[in-house]
Amino acid sequence: MRFRLISIIFILMMFAVASSAEVAVTVYNQDLALIKDQRALEFKKGAFELSLTDVPDRIDPTSVHFKLMDNPEKVALLEQNYRYDLVDFNKILEKYLDREIEMVDEKGEMFSGKLLAHNRGAVTLMKPSGGLQVLMTDKLSRYSFPSLPEGLITKPTLVWLLDSDLAGKHEAEVSYLTKGMNWHAEYVGVVSEDETDLSLAGWVSIENNSGATYPEAKLKLVAGDVNIIEDKREFLMAAYEADYGRAAKAAPGFEEKAFFEYHLYTLPRATTIADNEIKQISLFEPAVTLVKKIYLFEGNRSQGDIKVSMEFVNSKSNGLGMPLPAGKVRIMKRDSDGAMEFVGEDLIDHTPRDEKIDLYLGNAFDLVGERKVIDSRRVSKQVQEEDIEISLKNRKEAEAVTILVREKLYARDWEIQSSNFEYQRPDANTIEFKVPVEAGQEVVVKYTVRRVR
C-alpha cells in the first residue's frame, strides 16, 4: 500500500511554551539517562495549563520532577499528563470516519465526501449526492483534512496543570529519566615492536535513540552496575585515520571521580547529543604502559591450542591508573613495512585502578600443546592416581618462548606425587607450570597426581 500525504491542514490548541536554557545529561551504560533541563517558564496566576513539547519519545513520565528555582512554595503542580498519541496517517483516517475529506488522484482529479471505510488498499466515500465511491489508495496522491483530529499531537508532550501565585517568566528545573540512551567504551592499543610496551587510547560512544536532541548539554557518564527495576551494538569505533604509532595531541578527555559506589566521568565542555546518533569522544589521552605477552595452555579445556594474551596492570606507576569502564579493546602492531595490522581484541569489565587486565587475542600458530593421561589406577575406593604428560612444541624458527601450563584438578583433596617441573598453586583446584621451550624444540611436562573423591 502506497500513501503520499502532501498536505494536512490543522488547528492546534495554544499552550504556554518554554525555551530551553541549560541541559545536563547523565548517561548510564544500561539503556538509561537522567535529563536535567533548566529553563525559563511563563507562569500565570491561578490555575493554568503549561505544555513541554521537546521531551523524548522514551521518557519515563513517572520519573518527572519539577522544581521552581526561586519561591518554590508559590507554585503547586496539581496534575501531569503525558500525551503520546502522535500524528499518523492511519490514525487520522480512523479519526475522520463519518467526516468530510478531500482526495486527489495521480491524474489531478479531486474527490470529496464522507469517509465511510478504509481497508484492504481502498477508501469508501459517500458522495454529496448520496452515492458511494470506492477509490484505490495506490492511485491517490493527496489527502486534505480541514483540521488535526482532537487527541492527536505532533510531538510527545508533557502537560501540567499548575496553580501559581506568580506571573511572568521564572527559572525552573525539569528532570526525568528516559530510555534509549546508552554508552560504552572502546580502546585501541598499539604494541611496540619488541612487544613490551602498549600505547593505549580510550574512547566512549554515546548512543542516543531516546527521541530527542540535547543541544549544548553538560555530559556525564556513570560506570557501574546500577540496580534498575525492569518492566518485563557492533558499535562504531573511532576512525582509523590517526597515527597510532605516536602519541598525537588529543582533545581534553573526561574528568573521572568516584561517585557513590560507581565512577563518574564528566566532560569539561558542552556537547550536542543529537537523536539517532552515535557520538564518540576521547576518554583519555594516549598512555604508554608496560605489557607482557602470555602463552597459555589449558590441556583440560583446549584441543591443542595455545592461547596468546597481553597482560598489564592498570596502575599510575605503569602509565595508566584511571578506572577503566567496560568495553572492547582492539590491539594493533606495525609490520616491518610500517603498516598497522590488527592482531586481536577482547572485552574488559569495569576495571578499578591497580587491577590486572588480561586480554585474550587469539591462538598461537606455531605453538602446539597436547595432554595425555598415560595411566590411571585406583589406590582405594576413594583414592585414584593419574600419570599426566603434556607435550609442548615450539615450531618458531628462531624465537624461544615460555608457556604457562594451567591444570585444573577438581577433587575433594589432591596431592602431586611427582613432577619433572616446579609448579605453583594459585588456588585450591589449580596448578601452573612455567615451561621454557626453545625454537624448534619439544618439551614434555610429566606429573603424577593422587585425588581423593
Side-chain angles (χ1 to χ4, degrees), residues 191 195-196 198 290-314 329 331 343-349 351-352 354-453:
V191 67
E195 299 176 350
T196 60
L198 182 70
L290 295 175
V291 70
K292 185 177 181 182
K293 181 192 278 188
I294 305 292
Y295 296 105
L296 173 64
F297 179 63
E298 297 177 292
N300 307 76
R301 301 179 180 181
S302 61
Q303 300 295 324
D305 291 328
I306 293 180
K307 297 179 178 179
V308 183
S309 63
M310 288 288 195
E311 181 183 283
F312 61 93
V313 178
N314 179 28
V329 185
I331 302 299
V343 297
E345 64 184 17
D346 200 4
L347 294 173
I348 64 170
D349 201 352
T351 305
D354 297 326
E355 288 295 316
K356 184 174 70 175
I357 294 175
D358 190 356
L359 303 174
Y360 166 62
L361 301 181
N363 298 324
F365 190 94
D366 294 316
L367 302 179
V368 180
E370 183 180 9
R371 182 183 191 273
K372 294 179 181 179
V373 179
I374 302 302
D375 189 24
S376 179
R377 53 197 170 271
R378 189 174 297 279
V379 177
S380 68
K381 186 176 181 181
Q382 298 294 325
V383 179
Q384 184 174 357
E385 283 187 355
E386 288 183 333
D387 297 328
I388 310 294
E389 284 190 4
I390 299 169
S391 171
L392 304 171
K393 302 173 185 178
N394 180 3
R395 300 308 188 199
K396 294 176 180 288
E397 293 183 359
E399 181 184 351
V401 300
T402 296
I403 300 173
L404 178 65
V405 177
R406 181 175 295 153
E407 289 281 285
K408 290 294 183 181
L409 304 173
Y410 297 109
R412 183 164 57 88
D413 195 12
W414 55 267
E415 181 183 358
I416 301 297
Q417 299 293 102
S418 63
S419 172
N420 66 337
F421 277 86
E422 291 185 1
Y423 64 89
Q424 293 180 332
R425 186 172 173 170
D427 60 53
N429 297 309
T430 308
I431 58 172
E432 291 181 345
F433 304 90
K434 291 183 179 178
V435 184
V437 187
E438 295 294 325
Q441 300 298 310
E442 176 181 357
V443 175
V444 179
V445 177
K446 301 178 181 181
Y447 72 93
T448 299
V449 60
R450 173 174 290 186
R451 306 172 193 260
V452 180
R453 297 184 177 180

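These values consider heavy atoms only, across backbone and side chains, with no hydrogens, waters or symmetry-generated copies.
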Main chain of Ala439, side chain of Asp366: is a donor-acceptor contact present, judged purely on distance under 3.5 Å?
no
Treating Arg450 as the side-chain partner and Glu385 as the backbone partner, does any N or O pair qualify as donor plus acceptor under 3.5 Å?
no
So which pairs with a foot in residues 388-400 pass side-chain hydrogen bond (donor to acceptor under 3.5 Å, both in side chains), sequence neighbours left out?
Ser391-Glu442
Scan residues 431-441 for pairs that pass side-chain hydrogen bond (donor to acceptor under 3.5 Å, both in side chains), counting only residues two or more places apart or in two chains.
Arg406-Glu432
Just jot down the side chain to side chain contact (heavy atoms under 4.5 Å, CB included) partners of Lys292, sequence neighbours excluded, or say none.
Ile294
Considering residues at least two apart in sequence or located in another chain, which fulfil the side chain to side chain contact (heavy atoms under 4.5 Å, CB included) criterion with Asp413?
Val452
Are side-chain heavy atoms of Val443 and Phe421 found at a separation under 4.5 Å?
yes
Could you check whether any side-chain heavy atom of Val444 comes within less than 4.5 Å of a side-chain heavy atom of Asn420, counting everything from C-beta outward?
no
Hey, could you give me the [atom1]/[atom2] distance between [X] and [Y], rounded to the nearest 0.5 Å?
X	Y	atom1	atom2	answer
Lys446	Ser419	NZ	OG	11.5 Å
Glu386	Ile374	CD	CD1	11.0 Å
Ile357	Glu311	CD1	CD	10.5 Å
Lys293	Leu361	NZ	CG	9.0 Å
Thr351	Asn314	OG1	CG	7.0 Å
Asp346	Tyr360	CG	OH	9.0 Å

Which atom pair, heavy atoms only, marks the closest approach of [X] to [Y]?
X	Y	value
Ile390	Tyr447	CD1-CE2, 4.3 Å
Val191	Leu198	N-CD1, 3.8 Å
Phe312	Leu359	CE2-CD1, 3.9 Å
Trp414	Asn429	NE1-CA, 4.2 Å
Phe297	Asp305	CD1-O, 3.4 Å

Test log, rule side chain to side chain contact (heavy atoms under 4.5 Å, CB included), inputs Tyr295 and Val308:
CA-CA 5 Å; Tyr295 296 105; Val308 183; 4.0 Å; yes
Could you note down all residue pairs passing salt bridge (Lys or Arg N to Asp or Glu O under 4.0 Å) where residues 418-427 supplies at least one of them, sequence neighbours left out?
Lys408-Asp427
Check the pair Val329, Leu347 against side chain to side chain contact (heavy atoms under 4.5 Å, CB included), reporting the backbone distance first and the verdict last.
CA-CA 6 Å; Val329 185; Leu347 294 173; over 6 Å; no
Can you sort out the partners of Asp387 under side-chain hydrogen bond (donor to acceptor under 3.5 Å, both in side chains), two or more places apart, ordered by chain and number?
Arg377, Thr448
Might you work through the side chain to side chain contact (heavy atoms under 4.5 Å, CB included) test for Leu290 and Thr196, ending with a clear yes or no?
CA-CA 6 Å; Leu290 295 175; Thr196 60; 5.7 Å; no
Between Tyr423 and Glu407, do the side chains contain an N or O donor and an N or O acceptor separated by less than 3.5 Å?
no
